[in-house]
Structures are given as structure tokens and as C-alpha cells.
Amino acid sequence: MNTNGNTYTIVYSTIIVVLVAAILAFASSALKPMQDANIKAETISQMLDAAGIQAKDTPTTNEQILDKYAETVTEAFVIDLDGKKIKDLSIDRKNLELQDDLKAQNTNIKNGKDALLPVYKFNNGTTVIPVYGAGLWGPVWGYVALNDDLLTIAGAYFDHASETPGLGAKIKDDPEFRKKFQGEKLNLTRLENPFDIAKGAPVGNLDDNQVDAITGATMTSKGLDAAIDTWIRAYAAYLNKVEE
């Protein structure tokens, strides 16, 4: 074959592309279990941090995080928008299950149907539920831990995909912002806005169900506020049933 001809160039390029694609596919397949394990451990670490069981900056391996979760979780299950339990999630160490497709469930919540809402209960008396929504540049999400009255916030952890460093990113990076949520309450009689992240909100005023927004990060604060409100509304039937 003429190595200087077009046919050789096309055949050679095709072979290279096929080989590279095969290598990438193999690498992706081989690394997927590790990637899935990292995602599960990170998700659980965020829940433990919200529940006050593990500080987020504590150096731990994936195995240690999973061990801690298995030791401290007492019950995990999925409910629907009517507050009805749909299924249990395994808390057995060898087969831990999460309901962590928050983006899809956020869409279901907004459509008012088929939402699968996870509930995680821990041995320190906290119940942890997720939140998910849109920040300024991408999704924001996190976990809110409630005390046994299911109204008082015991702790929270938030994360983001691409919020501005030093501003919106503070929902994750600034522990003082997350600490503001501790001791605040949900208002289930005001479901259009059961909790409020507002500029100039009074600190520690439980009657107002508010925390102060992050200075200079108005859109991120509003996005997180909307995410919390959306998901608390979704859980309201369950929280009200338990309260009764």
C-alpha cells in the first residue's frame, strides 16, 4: 500500500481512532467501580457531616466512611410525595444502598409525581434528608439533618458544581455559613417558604425560620433557598405525619 496515498491515511487514522476508543472504553469500564465507590463514600460523608457524626475535614478512607455509616445509621428508606414509605434501603455493611439520583428526583418533585425521596435515620436521633436545585452557574445540593421533632435543624452540609470561589462556593467552604442553620426551625404551616435564606435575616431568630445569606453571593443564596423550600415541601406530608 502506498503510504503516501489518501487510502493509507484514512485506514491508518481509522485504526488509531478505533484503538484509542477501545482503550478509553476499557479504562472507563475498569475504573467505574472505583468511581462509584468514591461517589457513594462522598455522599455518605456529606450526610454524616450534616448529622454531626463526622467532621468533613477528618481524614478518612472510603472504607472508614462506609464503616462509620453502617455503625451509626439505624434506618434508611424511600418515601413518595404523600409521605408513604415505598421501600427500605439496605443498611447492611456489605450491601449499603442509597437513593442518590437527586437531579432526577428534583425533576419528579417539580412535576408532582413519581418522586423517590430518601430518609436516613441515625443513632444520635437525627433524620437526614437531601436538597437539590440550581445555583448561579450550576447545580447546588446538600443534606439537612433534623432533630427528633423533625422541625429543628441539627446541622447541614451543602455542595456545588461550579459556584464562584470566595462567594457562592462558601455554601461548601465556609463552615460558619452551615453553622447558622443549627437550631433553626422549619415552618410547615408556610409551605410556600418553609425556610428562608435572606439578606439581612436575623441570626438565631427561630420564629422567623431564617439565616443570613452569603454576602456577595445573592444568586447562589437564592438558588439554595429555593432548593431547600422545594425539597421541604416534597417531604412535608411525611414530616407532618410524623409530627402527628
Side-chain angles (χ1 to χ4, degrees), residues 33-106 108-109 115-132 140-159 172 175 178-179 181-186 188 195 227-228 231-232 234-243:
M34 184 181 299
Q35 293 170 340
D36 290 344
N38 288 338
I39 292 172
K40 176 180 280 189
E42 175 65 15
T43 298
I44 288 175
S45 182
Q46 293 178 1
M47 287 194 288
L48 293 176
D49 187 69
I53 294 172
Q54 170 188 280
K56 188 65 180 66
D57 57 357
T58 301
T60 51
T61 66
N62 285 356
E63 291 304 308
Q64 289 171 325
I65 291 170
L66 299 183
D67 287 343
K68 178 61 71 174
Y69 176 74
E71 291 170 5
T72 56
V73 67
T74 59
E75 190 178 7
F77 51 90
V78 175
I79 62 172
D80 61 18
L81 290 170
D82 294 322
K84 178 182 177 182
K85 183 190 288 190
I86 298 174
K87 64 177 181 179
D88 288 308
L89 297 172
S90 173
I91 57 175
D92 180 75
R93 176 62 181 85
K94 296 180 179 179
N95 186 35
L96 294 175
E97 289 184 302
L98 303 177
Q99 182 73 44
D100 55 359
D101 53 344
L102 301 185
K103 180 178 180 180
Q105 301 316 316
N106 193 57
N108 291 341
I109 289 171
L116 302 175
L117 308 174
V119 177
Y120 304 94
K121 292 180 173 290
F122 292 90
N123 62 8
N124 65 351
T126 60
T127 296
V128 175
I129 59 176
V131 300
Y132 184 97
V140 295
W141 64 91
Y143 293 89
V144 175
L146 302 173
N147 286 332
D148 53 11
D149 65 356
L150 296 184
L151 290 176
T152 306
I153 297 175
Y157 182 86
F158 304 113
D159 206 343
K172 175 183 180 181
R178 301 195 302 273
K179 193 179 296 184
F181 288 77
Q182 296 176 2
E184 297 295 329
K185 290 183 179 289
L186 306 178
L188 300 182
F195 194 79
I228 293 173
W231 282 70
I232 294 303
Y235 279 92
Y238 169 75
L239 299 177
N240 279 319
K241 283 182 180 179
V242 174
E243 186 182 19

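On a predicted model such as this, the values are computed, not experimentally measured, just so you know. Index from 1, following the sequence.
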- Message: Please evaluate residues Y238 and I129 with respect to the criterion side-chain contact (heavy atoms from CB on, under 4.5 Å), reporting the C-alpha separation (whole Å), side-chain torsions for both, the decisive distance (0.1 Å), and the verdict.
- Response: CA-CA 11 Å; Y238 169 75; I129 59 176; over 6 Å; no
- Item | Test side-chain hydrogen bond (donor to acceptor under 3.5 Å, both in side chains) applied to Q99 and D101, step by step | CA-CA 6 Å; Q99 182 73 44; D101 53 344; 2.8 Å; yes
- Message: Checking D92 against S90 for the side-chain hydrogen bond (donor to acceptor under 3.5 Å, both in side chains) test, could you report, in this order, the C-alpha distance in whole Å, the side-chain angles of both residues, the deciding distance, and whether it holds?
- Response: CA-CA 6 Å; D92 180 75; S90 173; 5.2 Å; no
- Query: Between W231 and N106, is a side-chain contact (heavy atoms from CB on, under 4.5 Å) present by the stated rule, with each step listed?
  - Reply: CA-CA 8 Å; W231 282 70; N106 193 57; 2.9 Å; yes
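One N or O on the side chain of T74 and one on the backbone of K121 form a donor-acceptor pair closer than 3.5 Å. The backbone N or O of L116 sits nowhere less than 3.5 Å from a side-chain atom of N108 that would complete a donor-acceptor pair. At distances below 3.5 Å, at least one donor-acceptor pair connects side-chain atoms of T43 with backbone N or O atoms of I39. K68 contributes no side-chain N or O that, together with a main-chain N or O of L48, makes up a donor-acceptor pair within less than 3.5 Å.
Atom CD of E71 and atom CG of N123 lie 9.0 Å apart (nearest 0.5 Å). Distance CD/Q46 to OH/Y157: 5.0 Å, rounded to 0.5 Å. The CG atom of L117 sits 7.5 Å away from the CG atom of D80 when rounded to the nearest 0.5 Å. Between M47 atom CE and I53 atom CD1 the span is 9.5 Å, to the nearest 0.5 Å. Rounded to the nearest 0.5 Å, atoms CG (N147) and NZ (K185) are 8.0 Å apart. In this structure, CG on N95 lies 11.0 Å from CZ on R93, to the nearest 0.5 angstrom.
Across all non-hydrogen atoms, the minimal contact from A234 to I109 is CB-CD1, 3.7 Å. Taking every heavy atom of both residues into account, V131 and A227 meet most closely at CB-O, 4.2 Å. Listed here is the closest heavy atom pair of A51 and N124: O-ND2, 2.8 Å. When all heavy atoms of A41 and N62 are compared, the closest pair comes out as CB-OD1, 3.3 Å. Of all heavy-atom pairs between A145 and A50, the closest is CB-O, 3.3 Å.
A heavy-atom distance below 4.5 Å is found between the side chains of F158 and I228. In this structure, the side chains of I79 and Y235 come closer than 4.5 Å at one or more pairs of heavy atoms. Using a 4.5 Å heavy-atom threshold, the side chains of F122 and V73 count as touching.
Ring geometry for W141 versus Y132: interplanar angle under 30°, hence parallel rather than tilted (30 to 60°). Note: F195 and F181 have parallel aromatic rings, judged against thresholds of 30 and 60 degrees for the angle between ring planes.
Paired with L151 under the rule side chain to side chain contact (heavy atoms under 4.5 Å, CB included), one option of L188, L146, L239 passes, and it is L188.
Atom NZ of K85 is surrounded by more than 12 heavy atoms from other residues, nucleotides or ligands within 6.0 Å.
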